[in-house]
Amino acid sequence: MDEQAIKRKRYKNSRRKNDPRYMRRRRRIWTCLAVLSVVCLLGVWAIHRREVKKRALLREVPVVVTETEDLPAGAREVTEMERPPLDVQLLTVNEYSRPGITLEAVNGIVIHYTANPGTSALDNRNYFENLKTSHTTKASSHFIIGLEGEIVQCIPCSEWAYASNERNGDTISIECCIPDESGKFTDKTYDSLVELVSWLCFRYSLNETDLLRHYDITGKNCPKYFVEQPQAWDDFCGDVKAYMEKKANG
């Protein structure tokens with residue numbers, strides 16, 4: 001290209017850049033490209049979220065809490081202490097009561113009470129299950145112990161329960177049914193609680209010092225009787241220790 005042609009091209013480009021119509025068209029093109037990029041990114045993100053939720057809903061559900069279940073870090077196979085009988089009634093995976101979040105470690109066991117006198121373990125389990133429809137709150141527990149000492153398992157120990165606020169991520173929660181407003185457990189409920197907590201302590205290499213009341217985390221009056229009667233809580237921790245020592249000594 002000769003020198004004159006180069007000058008003509010430069011002059012033409014200069015006039016075009018100074019032309020308002022050309023600049024408007026240029027801005028419109030870049031705006032369209034930017035919008036298209038954002039739409040594509042949002043579409044990819046939406047597809048990813050849908051697939052994540054789909055995988056969570058289709059995830060294989062562990063049937064019972066046994067040595068074959070995927071265990072959080074620090075857990076060990078239970079070979080030296082018999083597991084108490086469990087009525088396994090796992091909740092459906094949903095964002096209101098069973099989020100399906102992996103529990104990476106177990107550093108404590110939290111005791112709660114249901115605060116609705118006279119209801120059964122299954123009643124409370126069904127309440128948690130119905131939250132997926134009612135959306136009234138987010139709540140659940142790994143286990144519920146009924147008035148007759150029956151133990152219903154709602155959530156695998158390898159997953160979160162919505163029970164203990166900021167300690168959801170490293171604790172297992174147990175709800176206990178109550179016969180009246182005092183919040184005191186029946187003897188059968190109490191005995192099952194001691195047995196279940198002892199077994200869980202053995203399973204996760206914990207002891208009575210790793211037991212918590214919901215009250216100890218948030219200040220909530222839960223479990224009511226153990227909060228209002230501190231000696232009863234100390235006695236319970238002592239009973240767990242004694243039960244574990246008894247089992248360890250054969």
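What you find for Phe185 and Pro223 is that their closest heavy atoms are CZ-CB, 4.1 Å. When all heavy atoms of Ser141 and Ser173 are compared, the closest pair comes out as OG-O, 3.0 Å. The two residues Ala163 and Ser140 come nearest to each other via the heavy atoms CB-O, 3.1 Å. Nearest heavy atoms, Ser192 versus Gly149: OG-O, 2.6 Å. Between Trp160 and His142, the shortest heavy-atom contact is C-NE2, 4.1 Å. In terms of heavy atoms, Ser97 sits closest to Ile155 at O-CD1, 3.4 Å.
Atom CD of residue Glu195 and atom CG of residue Leu200 lie 10.5 Å apart, to the nearest 0.5 angstrom. His112 NE2 to Lys220 NZ: the interatomic distance, rounded to the nearest 0.5 Å, is 8.5 Å. Leu103 contributes atom CG, which lies 9.0 Å from atom CG of Asn168 (distance to the nearest 0.5 angstrom). Distance check: Ile178 CD1 to Leu147 CG gives 8.5 Å after rounding to the nearest 0.5 Å. Atom CE of Met244 sits about 8.0 Å away from atom CG of Leu206, to the nearest 0.5 Å. To the nearest 0.5 Å, atom OH of residue Tyr113 and atom CG of residue Asn221 are 5.5 Å apart.
In the hydrophobic clustering of this structure, Met81 groups with Ile172; members are Ile, Leu, Val, Met, Phe, Trp, Tyr whose side-chain heavy atoms approach within less than 4.5 Å, directly or through other members. Following chains of ILVMFWY side-chain contacts shorter than 4.5 Å, one can reach Ile145 starting from Leu86, so the two form part of one hydrophobic cluster. Connection of Leu196 to Val194 is established within a shared hydrophobic cluster, with ILVMFWY side chains joined at heavy-atom distances below 4.5 Å, either directly or through further cluster members.
Using a 4.5 Å cut-off on side-chain heavy atoms (C-beta onward), Tyr204 and Asp210 make no contact. Side chains of Glu148 and Thr186 form no contact here, defined as non-hydrogen atoms less than 4.5 Å apart. The shortest distance between side-chain heavy atoms of Pro179 and Thr189 does not fall below 4.5 Å. Under the 4.5 Å side-chain criterion, counting only non-hydrogen atoms from C-beta, Val240 is in contact with Ser198.
More than 12 heavy atoms of other shown residues, nucleotides or ligands fall within 6.0 angstrom of atom CG in Asp180. Few gaps surround NZ on Lys224; more than 12 heavy atoms of other groups in view lie less than 6.0 Å from it.
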Side chain to side chain contact (heavy atoms under 4.5 Å, CB included) between Arg98 and Leu90, intermediate numbers included: CA-CA 9 Å; Arg98 185 186 169 190; Leu90 299 182; 4.1 Å; yes
Side chain to side chain contact (heavy atoms under 4.5 Å, CB included) evaluation trace for Asp239 with Glu208: CA-CA 9 Å; Asp239 287 342; Glu208 72 281 358; over 6 Å; no
Intermediate values then yes/no, side chain to side chain contact (heavy atoms under 4.5 Å, CB included), Cys157 and Arg203: CA-CA 11 Å; Cys157 290; Arg203 189 178 197 229; 3.9 Å; yes
Side chain to side chain contact (heavy atoms under 4.5 Å, CB included) assessment of Glu129 paired with Cys154: CA-CA 9 Å; Glu129 176 69 13; Cys154 300; over 6 Å; no
Stepwise side chain to side chain donor-acceptor pair (under 3.5 Å) test for Asn94 and Thr92: CA-CA 6 Å; Asn94 71 93; Thr92 306; 5.9 Å; no
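Among residues two or more places apart in sequence or in another chain, the side-chain contact (heavy atoms from CB on, under 4.5 Å) test is passed with Ala139 by Phe128, Leu131, Thr137. Judged as a side-chain contact (heavy atoms from CB on, under 4.5 Å), and not counting sequence neighbours, the contacts of Gln89 are Asp87, Leu122, Arg125, Val152.
For residues 228-250, the pairs satisfying ring-ring contact (aromatic ring centres under 6.0 Å, His included) are Tyr190-Phe236, Phe226-Trp233, Phe226-Phe236, Trp233-Phe236, with sequence neighbours left out.
A side chain to side chain contact (heavy atoms under 4.5 Å, CB included) with Ile174 holds for exactly one of Val110, Ile144, Ile151, Val197; it is Val197.
Under 4.0 Å is where a charged nitrogen must lie from a carboxylate oxygen, and between Arg213 and Asp216 at least one such pair does.
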